[in-house]
Amino acid sequence: MTETNKTAIKLYNTKTRKKEAFEPIDAENVRMYVCGPTVYDRAHIGNARPVIVFDTLYRLLRHVYGEEHVTYVRNFTDVDDKINAKAAESGRTIGEITEETIAWYLEDMAAVGALEPTKMPRATNYIAQMIEMIEALIAKGHAYAAEGHALFRVRSYEKYGVLSGRDVDDMIAGARVEVAPYKEDPMDFVLWKPSSDDQPGWESPWGRGRPGWHIECSAMAKALLGDVFDIHGGGLDLQFPHHEDEIAQSCCANGTDEMAKVWMHNEMLQVEGKKMSKSLGNFFTVRDLLEQGVPGEVIRFVFLSTHYRKPMDWTEKKREEAEKTLTKWKALTSALYDGAARSVAKTPVPTVIIEALADDLNTALALAEMHKLAKDAKHSEEACIQLAVSMAFLEIEWSSPWQSNFGSSLEKILGDPAQLEPYERLLSDEREKAMTTKDFSKVDQIKSALLSSGLEVRMSKAGVELDVTPDFDPSKLEGLL
RNA sequence: GGCGAGUUGGCGGAGUGGUUACGCAGCGGAUUGCAAAUCCGUGUACAGGAGUUCGAUUCUCCUACUCGCCUCCA
């Protein structure tokens with residue numbers, strides 16, 4: 001494959017505040033690092049945003065450079081005071097908590113259609129690399145040990161603040177920095193901190209302790225992707241201080257100019273117009289939604305419908321619209337002829353879709369293009385296949401319709417969906433009679449009874465069709481036959 | 001206080017220096033015993049002010065408002 005026929009990807013680089021043409025350092029191995037979760041609890045809905053955003057980018061990169069030529073690393077932070085607190089309050093071990101939470105996380109992210117990254121390192125497996133990096137920083141004068149801590153000397157790195165556009169002196173003026181007696185300067189941040197006997201700890205040149213959060217990502221990224229790699233992603237809230245600190249640590253320890261060529265940040269998520277928070281009562285997890293019966297694909301669709309660099313609002317209305325749209329699309333694509341899977345597999349992803357995604361991940365535009373395809377799909381098999389291909393690319397199931405969604409609950413209630421047949425026949429027969437007598441009163445009566453039980457009633461020349469809706473209550477049908 | 005992002009039609013949400021976003025809702029029509037579903041068609045917009053320009057929703061500046069980060073919340 002030559003460079004010339006590769007899709008040109010443009011990405012907004014936080015570092016330069018511009019949309020730039022993406023040029024991988026090595027097209028044979030495109031490398032991306034995304035900050036993963038601290039594993040102490042279920043992922044909330046906001047946690048899903050970076051996962052879905054960078055999953056889309058991962059898919060695009062694989063599409064352009066080949067599946068074997070993209071390395072995507074997303075870490076698990078499995079040593080953290082929140083985890084310790086959770087363990088203490090639940091009486092369980094830290095290991096139990098992190099194992100369980102990691103399993104939950106993978107389950108929930110798979111449910112919203114995210115591929116697993118190539119590598120998912122756990123911080124506790126990289127303690128040696130962290131210590132090594134801290135030692136290098138101390139040796140170079142970028143860090144110092146004090147009272148069982150190791151601290152990064154922020155003033156020693158003149159580019160500190162460049163990523164987030166902050167000035168060290170301004171930040172101190174803001175006075176929101178933790179002042180500690182062992183710090184040379186209030187801005188200095190922790191690389192290593194001492195652990196008490198009941199806290200997880202590792203032996204180190206500075207005594208038994210545990211790493212600071214920022215050093216974890218620096219060490220894991222270096223170990224798995226090298227000193228300089230292509231893309232570093234994460235939520236906007238991580239831009240400062242986390243990413244700023246990562247850059248300072250990595251560049252100083254590795255003696256490089258930069259840590260990643262492109263820095264990408266997704267905007268934050270709100271719920272019904274407000275910041276999600278437990279006190280506002282609008283806090284919920286991905287699992288909560290799934291348990292309420294919101295398909296993972298709907299969650300994914302809602303996220304994709306807003307550009308990643310814009311604040312996104314999760315609302316009930318969007319959820320409903322997404323469900324409606326997907327139901328429609330799935331009805332179209334699943335009605336393709338038998339053997340369509342082969343055509344779909346052979347058909348390339350439509351250029352308009354790839355181009356939209358290649359333009360700084362314009363997922364909303366890609367969905368708009370799919371809406372257009374859906375419109376044409378009503379008359380054109382080719383458009384319908386293209387829609388299916390596009391859906392497949394975005395990890396949306398196209399080959400089966402969505403009534404099965406309700407079907408499963410129907411089966412629970414009725415035992416067998418075929419039990420609707422007698423009602424269909426009843427209505428159909430009465431309707432035929434009425435067609436000749438012109439007296440529709442009985443038909444209307446049956447129809448409204450069916451409707452009020454939560455069934456959908458469709459009458460056409462072809463006959464009568466009944467479908468269940470989520471509100472279906474079979475007990476209301478009693479006595480009708 | 002510091003830094004940053006944003007403000008597009010009823011709602012959601014792209015985009016562009018002069019030309020259709022797209023979806024939902026609405027409206028009109030077809031179809032229907034009536035509906036639903038479906039199909040066809042269709043209106044409404046670029047926060048306010050100033051500037052640059054032949055021309056700005058799109059560039060610049062100011063104002064207002066919203067939001068985020070500065071606290072190991074993605």
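Side-chain atoms are counted along with the backbone in the values below, which use heavy atoms only and exclude waters and symmetry mates. Naming: A, B, ... by sequence-line order, numbering from 1 per chain.
Between A:Met391 and A:Glu397, the closest side-chain pair of non-hydrogen atoms is not below 4.5 Å.
Here the side chain of A:Thr306 pairs no donor or acceptor atom with the backbone of A:Phe303 at under 3.5 angstrom.
Among B:rC72, B:rU38, B:rG33, the nucleotide with an atom closest to any side-chain atom of A:Asp80 is B:rC72. With B:rC69, B:rA14, B:rG33 as the choices, the nucleotide that has an atom nearest any side-chain atom of A:Asp237 turns out to be B:rC69. The side chain of A:Phe240 sits closest to B:rC69 out of B:rG33, B:rC69, B:rC22. Side chain of A:Thr325, nearest nucleotide from B:rC34, B:rG23, B:rG6: B:rG23.
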The contact string for nucleotides 26-31 of chain B, one letter per nucleotide 5' to 3', using protein heavy atoms under 4.0 Å with B, S and - for base, sugar-phosphate only and none, comes out as ------

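Helical stems in RNA chain B, defined as runs of 3 or more consecutive Watson-Crick or G-U wobble pairs with donor-acceptor distances under 3.5 Å: B:1-7 with B:64-70, B:10-12 with B:22-24, B:26-30 with B:38-42, B:47-51 with B:59-63.
The base of B:rG33 sits with one of its N or O atoms less than 3.5 Å from a complementary donor or acceptor on the side chain of A:Asp444. Checked by distance alone, A:Lys82 brings no side-chain donor or acceptor within 3.5 Å of a matching partner on the base of B:rC73.
Note that CG of A:Leu137 is 5.5 Å distant from CD1 of A:Ile215, once rounded to the nearest 0.5 Å.
For the pair A:Arg458 CZ and B:rA36 P, the interatomic distance rounds to 13 Å; values are reported in whole Å.
At B:rG23, none of the side-chain N or O atoms of A:Lys372 fall inside 4.0 Å of OP1 or OP2 (strictly under the cut-off).
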